[in-house]
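Please read these numbers as outputs of a predicted model, since none were measured by experiment. The sequence lines fix the lettering, A, B, ..., with proteins before strands; numbering per chain opens at 1.
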Amino acid sequence: MRASQFFISTLKEAPGEAELVSHRLMLRAGLIRRLGSGLYTWMPLGLRVLRKVEGVVRDEMNRAGALELLMPAVQPAELWQESGRWEQFGEQMLKISDRHKREFCFGPTHEEVICDVARRELRSYRQLPVNYYQIQTKFRDEIRPRFGVMRAREFLMKDAYSFHEDFASLQITYDRMYAAYSAIFSRLGLVFRAVAADTGAIGGSGSHEFHVLADSGEDAIAFCPDSPYIANVELAEAVAPATARPAPAAALTQVPTPGKTTCADVAAFLQIDLRTTVKTLLGMDGEGRAVMLLLRGDHELNDVKAGKRIAGWRMATEAELIDLLGAVKGYMGPVGIDRSRIRVVADRAVAALGDFVVGANQAPLHLTGVNFGRDLPEPDAVEDLRNVVAGDPSPDGAGALELCRGIEVGHIFQLRTKYSEALQVTFLDRTGKSTVAEMGCYGIGVSRVVAAAIEQNHDERGIIFPRALAPFEVAIIPMGLSRSETVREAAEGLYAQLQAAGIDVLIDDRDERPGVLLADQELIGVPYRFVIGERGLKEGVIEFQGRRDVEAVKVPVGEALATVQAALAGN
RNA sequence: CGGGGCGUAGCGCAGCCCGGUAGCGCGCCUGCUUUGGGAGCAGGAUGUCGGAGGUUCGAAUCCUCUCGCCCCGACCA
């Protein structure tokens, strides 16, 4: 490609809207342009990158035996009513109606549609297993779109859905997808981890998320450096303390703590270890019954876990709080409450505490030296309610957990029969019996991968694309193209040579100063470049430099092709 | 949705508090010079000051309403 014939539109300064590095760089490099909140145009340069990701994904999906199809982006409401998700999906779904006032949605996902395809087409176990996939634009009306293409409302996704005669077959395909995903993200040159995950709103049983590791990631991941254990913090189990609860040693004492309404404040004020304080959270279960959650002062509630242990869990409203405990915000506690009205669920760590500190349910007072069994009844239940923290023992017993952050770029689920049941995807099994198909689903956020890759690969000059996603693999940058016939000949010669060799090459023949050409190449993230100038040509050499290299190397003109080929092969 | 903030030239911003009819840098256009790291000089173009209403002799500036966007929390690829 000739830069003069292409469209390179770089910005020296990033628009103020962009916060995240990848977002700023994508805007500055002219990969994307914003149309509205969560809506982006992929400019020619950015589209090349997006297409490269697609290409790798498609290639590996095909290799893993999946079949590409393309479903409509717009889907009729009836299908979603059938699965029960028309209402359930809620505000995230963009609902639209046609001229006949018939209702549709812009597909946020395609389980319903694929099930419709499957139930019409699949009749016999002989047709199974099948794995259909598509690369489609999705729309989810996110509560808060942000970080550019990272959490856009409209985004490009690869979604695959497999159908099986039994669970064993699903397991095989699931494992194959796991392997395919690993191959995809490896080929894309990303540092990633497959992480045990919560199944979230989509439902089902087994599930893994694929995370590109980056400090800016929105997900927290717990892993054990001494074992293969790795899980999303949402799911990671906080194991019960190994030590038994100590016997009460201190007397129950009421202490005034004016203005100290958080555990940290109270601990600092009383000069005690934060780990001996207990925080009290009041909420409601799905049936409107009050539940009090007890967590150690240094721990955080894990909402996903709470939701799983207590069906319909939500935090209490101000009014409910006043009704149940009086207006004692900041001074709530489990001592002396009406246990017939309020169920107490303690986190495992709390259950192992003795002589702890809680709010006294009276304005400026806390209680110290509190003990279960003596000062208040044992909790009604002891559960794992908290987020793990660094240093917690690994659930597999192999060592201590550490935390890192990741960007979720892929997710695979064993859906089992949740959708196939609702939408009646049945087939005749080996015995001639009508059976509901087992189902798996497998997503990759194609557009998000681009942002994640940049998040992981950049420096102060710009993007450093891994070869597999780079818009161009090599840039030829001639110094003074318009002034030097020698330079022109050498540059054009190399350009033709690289093109003939099938290398994705950009020759920057724009009438710009050298500084501009070099800066643009670096911003855009082309992984390799040749700089061709009269100075070097006099000695018969041109300069070759990898985007991460500090210095260029001088290469004899005749060896240029072999040099890039070697570099590209090693990448 | 709740909490914070911002809308002034293509981009980044100043001006607003204390009303007097809009400015800076980058970019863009023309010419000359320059040419191995985002050039120099000279000349030039560009604004419904987000929108509507109000106060005022006069509004980017004050008031009211509205729209859009960004940031922090619950969602997800």
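- Residue A/Arg144 is classed as a base contact, given a heavy-atom separation below 4.0 Å to a base.
- Under the 3.5 Å distance criterion, with hydrogens and angles disregarded, a donor-acceptor pair is assigned to the side chains of A/Asp159 and A/Tyr161.
- By the salt bridge (Lys or Arg N to Asp or Glu O under 4.0 Å) test, A/Arg51 pairs with A/Glu54, sequence neighbours left out.
- When only modelled atom types and interatomic distance are considered, A/His411 and A/Ser207 share a side-chain donor-acceptor pair under 3.5 Å.
- Across all strands shown, B/U61 remains unpaired; no Watson-Crick or G-U wobble contact has both distances below 3.5 Å.
- With sequence neighbours excluded, no residue satisfies side chain to side chain donor-acceptor pair (under 3.5 Å) with A/Arg33.
- At a non-hydrogen distance threshold of 4.0 Å, nothing from residues 50-67 of chain A comes into contact with RNA chain B.
- Atom-to-atom distance recorded for A/Tyr40:OH and A/Leu27:CG is 7.0 Å, nearest 0.5 angstrom.
- A close approach under 4.0 Å does not occur between any side-chain nitrogen or oxygen of A/Thr109 and OP1 or OP2 of B/A77.
- If you look at A/Tyr178 and A/Tyr442, their ring centroids are not closer than 6.0 Å.
- Between B/G54 and B/C70, the two P atoms lie 32 Å apart (nearest whole Å).
- Residue contacts for A/Ala552: at a heavy-atom cut-off of 4.0 Å it reaches no nucleic acid atom on any strand shown.
- Within the structure, every pair that satisfies the side-chain hydrogen bond (donor to acceptor under 3.5 Å, both in side chains) test and touches residues 147-158 of chain A, not counting sequence neighbours, is listed here: A/Asp141-A/Arg153, A/Glu142-A/Arg151, A/Arg151-A/Glu218, A/Lys158-A/Tyr181.
- Between the P atoms of B/A39 and B/A74, the separation comes to 45 Å (whole Å).
- A/Glu383 CD to A/Lys305 NZ: the interatomic distance, rounded to the nearest 0.5 Å, is 11.0 Å.
- In terms of position on RNA chain B, the residue among A/Asp303 and A/Val409 whose nearest nucleotide sits closer to the 5' end is A/Asp303.
- Base pairing of B/G68: its partner is B/C6, meeting the Watson-Crick or G-U wobble criterion (both donor-acceptor distances under 3.5 Å).
- The base of B/C75 lies close enough to the side chain of A/Arg151 for a donor and an acceptor atom to sit less than 3.5 Å apart.
- Annotation: side chain to side chain donor-acceptor pair (under 3.5 Å) contacts of A/Thr173 (sequence neighbours excluded): none.
- Among residues two or more places apart in sequence or in another chain, the salt bridge (Lys or Arg N to Asp or Glu O under 4.0 Å) test is passed with A/Glu473 by A/Arg467.
- Counting non-hydrogen atoms under 4.0 angstrom, A/Asp159 reaches nothing in the nucleic acid.
- In this structure B/C76 sits in no base pair that meets the Watson-Crick or G-U test at under 3.5 Å.
- Using a 4.0 Å heavy-atom cutoff across all strands shown, A/Glu17 reaches sugar-phosphate atoms only and no base atom.
- Remark: B/C28 base-pairs with B/G44; criterion is Watson-Crick or G-U wobble with both hydrogen-bond distances under 3.5 Å.
- Rounded to whole Å, the separation between the C1' atoms of B/U48 and B/C29 comes to 24 Å.
- With both pairing distances under 3.5 Å, B/A39 is matched to B/U33 as a Watson-Crick or G-U wobble pair.
- For the pair A/Glu19 CD and B/G73 P, the interatomic distance rounds to 11 Å; values are reported in whole Å.
- As rounded to the nearest Å, B/G68 and B/A52 have P atoms that lie 16 Å from one another.
- In this structure, B/U55 makes no Watson-Crick or G-U wobble pair, since no nucleotide meets both defining distances under 3.5 angstrom.
- Checking A/Arg448, A/Glu408, A/Gln456 one by one against A/Val212, the side chain to side chain contact (heavy atoms under 4.5 Å, CB included) holds for a single residue, A/Gln456.
- Near RNA chain B, defined here as any heavy-atom distance below 4.0 Å, there are no residues from residues 281-295 of chain A.
- B/A77 atom C1' lies 11 Å from atom OH of A/Tyr161, rounded to whole Å.
- Separating the P atom of B/U8 from that of B/C49 is a span of 11 Å, rounded to the nearest Å.
- Of all the residues in residues 443-455 of chain A, A/Gly445, A/Arg448 reach under 4.0 Å from RNA chain B with at least one non-hydrogen atom.
- Partner A/Phe472 forms a ring-ring contact (aromatic ring centres under 6.0 Å, His included) with one of A/Phe6, A/Phe465, A/Tyr495 and no other, that one being A/Phe6.
- Judged purely by distance below 3.5 Å, without hydrogens or angles, the side chains of A/Asn457 and A/Arg548 pair a donor atom with an acceptor atom.
- Residues satisfying the side chain to side chain donor-acceptor pair (under 3.5 Å) criterion with A/Arg193, sequence neighbours excluded, are absent altogether.
- Nucleotides B/C6 and B/A14, compared at atom C1', are 15 Å apart to the nearest Å.
- Looking at heavy-atom distances under 4.0 Å, A/Ala14 makes contact with sugar-phosphate atoms alone, never a base.
- In this structure, A/Leu35 atom CG and B/G68 atom P are separated by 14 Å, rounded to whole Å.
- B/C18 is unpaired under the Watson-Crick or G-U wobble criterion, no partner having all donor-acceptor distances under 3.5 Å.
- For the side chain to side chain donor-acceptor pair (under 3.5 Å) test, residues two or more places apart in sequence or in another chain that qualify with A/His110 are A/Gln75, A/Gln134, A/Lys138.
- Side chains of A/Asn232 and A/Glu209: a donor on one and an acceptor on the other come within 3.5 Å.
- Using P as the reference atom, B/G38 and B/C26 are 14 Å apart when rounded to the nearest Å.
- Between A/Ile135 atom CD1 and B/A77 atom P the separation is 17 Å, expressed in whole Å.
- Taking atom CZ of residue A/Phe155 and atom P of nucleotide B/C76, one finds them 11 Å apart after rounding to whole Å.
- Spacing between atom NE2 of A/His411 and atom P of B/C76 amounts to 10 Å, rounded to whole angstrom units.
- We find that CZ of A/Phe147 is positioned 6 Å from P of B/C71, with the value rounded to whole Å.
- In this structure, of B/A77, B/C75, B/C71, it is B/C75 that holds the atom nearest to the side chain of A/Glu218.
- Regarding contacts with the backbone of B/A77, every side-chain N or O of A/Arg153 stays at 4.0 angstrom or more from both OP1 and OP2.
- When rounded to the nearest whole Å, the span between CG of A/Asp219 and P of B/C75 equals 11 Å.
- For the salt bridge (Lys or Arg N to Asp or Glu O under 4.0 Å) test, residues two or more places apart in sequence or in another chain that qualify with A/Glu60 are A/Arg63, A/Arg187.
- Separating the P atom of B/U64 from that of B/C17 is a span of 15 Å, rounded to the nearest Å.
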With sugar-phosphate taken as primed atoms, P, OP1 and OP2 and all else as base, the protein-contact string of nucleotides 25-38 of chain B at under 4.0 Å (heavy atoms; B, S, -) is BSS------BBBBB
